[in-house]
Amino acid sequence: MKIDVLTIFPEFFQGPFDASLLGRAHETGLVQLAVHDLRDWTGDPRRTVDDAPYGGGAGMVMTPAPFFAAVEALYGGVDQRPRTLVMTPRGRQFDQRMATTLATEDHLLLLCGRYEGIDERVHLHLAHDEISVGDVVLAGGEVAAAMVVEAVTRLVPGVMGNADSGVEESFGTSGPQAGLLEHPQYTRPASFRGWQVPGVLRSGDHGRVQAWRTAQARSRTRLVRPDLSGPENLS
Ligand code: JFH
């Protein structure tokens with residue numbers, strides 16, 4: 001999978017993704033992340049990317065031309081662009097289902113704005129979809145795009161060390177605790193500062209372990225995320 005990101009802060013993406021999972025996926029060629037500086041496609045010596053809003057109001061709006069020029073330079077034309085997502089607080093809420101769908105694409109382009117957002121013509125004529133990562137207002141699209149990159153790339157087959165670890169996690173779409181928050185996890189030592197690992201997890205009885213985990217996942221979900229407790233999750 002190839003992911004292109006357009007941003008005025010390309011350096012933002014260097015640190016987090018070089019060290020991690022994605023760094024290794026990049027080396028193996030499974031995921032190719034290319035971050036592009038939007039200012040490379042400005043036409044003036046001051047490399048301007050923003051202007052005052054038509055109709056007035058506070059703040060500045062990102063001007064459309066650099067986005068279109070970048071797409072034309074990178075792909076040879078707007079019609080040849082990959083699946084293009086614009087980060088915005090007014091977008092469709094990003095979730096695990098969307099991540100799994102996006103993980104099947106072979107090429108994505110993520111558009112990051114700053115200031116008060118991007119000229120509507122970019123939304124209308126470049127973006128296939130508008131994505132919000134939650135009901136919170138960020139200072140720009142970069143953190144949102146980083147979330148999308150991380151959530152999507154870990155689902156690309158072969159990227160994760162353990163091929164199974166996507167199955168039973170929170171918001172996963174299959175397994176005995178599908179749609180529930182995850183159960184508690186323990187590792188060694190069995191006793192740490194006087195706190196014991198629950199005996200059932202050391203019993204060797206897989207049926208009892210599974211029942212305990214599902215009960216834990218259900219009660220935790222009811223308590224902190226009742227909205228996730230659909231009819232199929234009611235105990
Ligand atoms: C972004 C910003 C818009 C306008 C009422 C609420 C918002 C500040 C580009 C995504 C999520 C973002 C996000 C994504 C891209 C950009 C800052 C935009 C407004 C009116 C203020 C610029 C924010 N999920 N949260 N934030 N900004 N207000």
Side-chain angles (χ1 to χ4, degrees), residues 1 3 5 12 16-17 20-22 31 83-105 108-114 116-118 120 123 127-157 159-187 195 197-198 200-201 206-235:
M1 158 178 266
I3 304 181
V5 179
F12 184 98
F17 293 130
S20 65
L21 179 81
L22 184 53
V31 176
R83 176 147 199 90
T84 301
L85 310 172
V86 61
M87 304 301 124
T88 166
R90 75 169 198 206
R92 218 150 56 88
Q93 165 99 48
F94 184 63
D95 62 9
Q96 194 61 25
R97 176 195 300 251
M98 209 184 294
T100 58
T101 303
L102 293 175
T104 68
E105 298 276 348
L108 296 173
L109 169 63
L110 308 182
L111 306 180
C112 302
R114 280 268 148 181
E116 298 299 304
I118 307 175
E120 185 66 14
H123 290 259
H128 295 106
D129 230 327
E130 303 182 340
I131 289 191
S132 165
V133 296
D135 289 341
V136 58
V137 182
L138 304 170
E142 286 76 13
V143 166
M147 274 184 59
V148 172
V149 168
E150 186 157 306
V152 169
T153 56
R154 68 181 286 282
L155 296 173
V156 171
V159 167
M160 290 202 44
N162 180 358
D164 280 343
S165 41
V167 173
E168 282 188 25
E169 67 192 4
S170 296
F171 319 115
T173 50
S174 63
Q177 285 130 50
L180 295 173
L181 300 182
E182 61 201 33
H183 55 73
Q185 304 184 98
Y186 291 87
T187 184
W195 299 304
V197 171
V200 57
L201 297 181
H206 183 68
R208 281 185 64 219
V209 168
Q210 207 53 261
W212 181 85
R213 286 177 169 168
T214 299
Q216 288 282 316
R218 283 187 174 140
S219 63
R220 182 168 296 218
T221 304
R222 261 196 315 271
L223 190 65
V224 306
R225 290 295 303 277
D227 58 300
L228 294 178
S229 295
E232 69 279 13
N233 290 328
L234 294 176
S235 50

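All values below come from the heavy atoms of this structure, side chains included, with hydrogens, waters and symmetry mates left out.
Taking all atoms of both residues into account, the shortest heavy-atom contact from C112 to V5 is SG-CG1, 3.9 Å. Across all non-hydrogen atoms, the minimal contact from V86 to A127 is CG1-CB, 3.6 Å. Between A146 and F17 the shortest heavy-atom distance is O-CZ, 3.6 Å.
Note that CG of D95 and CD1 of I131 are 9.5 Å apart. Values are rounded to the nearest 0.5 Å. Taking NE2 of H123 as the reference point, atom OG1 of T84 lies at 12.5 Å (rounded to 0.5 Å). With values rounded to the nearest 0.5 angstrom, R220 atom CZ is found 13.5 Å from L228 atom CG. The distance from atom NE2 of H183 to atom CD of Q216, rounded to the nearest 0.5 Å, is 9.5 Å. Summarising the geometry, atom CE belonging to M1 is positioned 4.0 Å from atom CG belonging to L108; distances are rounded to the nearest 0.5 Å. Atom-to-atom distance recorded for I118:CD1 and E120:CD is 10.0 Å, nearest 0.5 angstrom.
Look at E142 and R114 and you find a salt bridge, because one of the NZ, NE, NH1 or NH2 atoms lies within 4.0 Å of a carboxylate O, short of that distance.
Looking at heavy atoms from C-beta onward, L138 lies out of side-chain contact with M87 at the 4.5 angstrom threshold.
Evaluation of the salt bridge (Lys or Arg N to Asp or Glu O under 4.0 Å) rule for E130 yields R90 as partners, not counting sequence neighbours. Scanning for salt bridge (Lys or Arg N to Asp or Glu O under 4.0 Å) contacts around D129 gives R83, R92, with sequence neighbours left out.
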Begin with the C-alpha distance, continue with both residues' side-chain angles, and end with the deciding distance and a verdict on side chain to side chain donor-acceptor pair (under 3.5 Å) for Q177 and T214. CA-CA 6 Å; Q177 285 130 50; T214 299; 3.0 Å; yes
Show the numbers, then the answer: is there a side-chain contact (heavy atoms from CB on, under 4.5 Å) between E105 and V152? CA-CA 10 Å; E105 298 276 348; V152 169; over 6 Å; no
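The backbone N or O of L181 lies less than 3.5 Å from a partner atom in the side chain of T221, making a donor-acceptor pair. No donor-acceptor distance shorter than 3.5 angstrom exists from the side chain of T104 to the backbone of T100, with no hydrogens or angles considered.
Of the residues V149, L155, L85, the one that meets the side chain to side chain contact (heavy atoms under 4.5 Å, CB included) test with L102 is L85.
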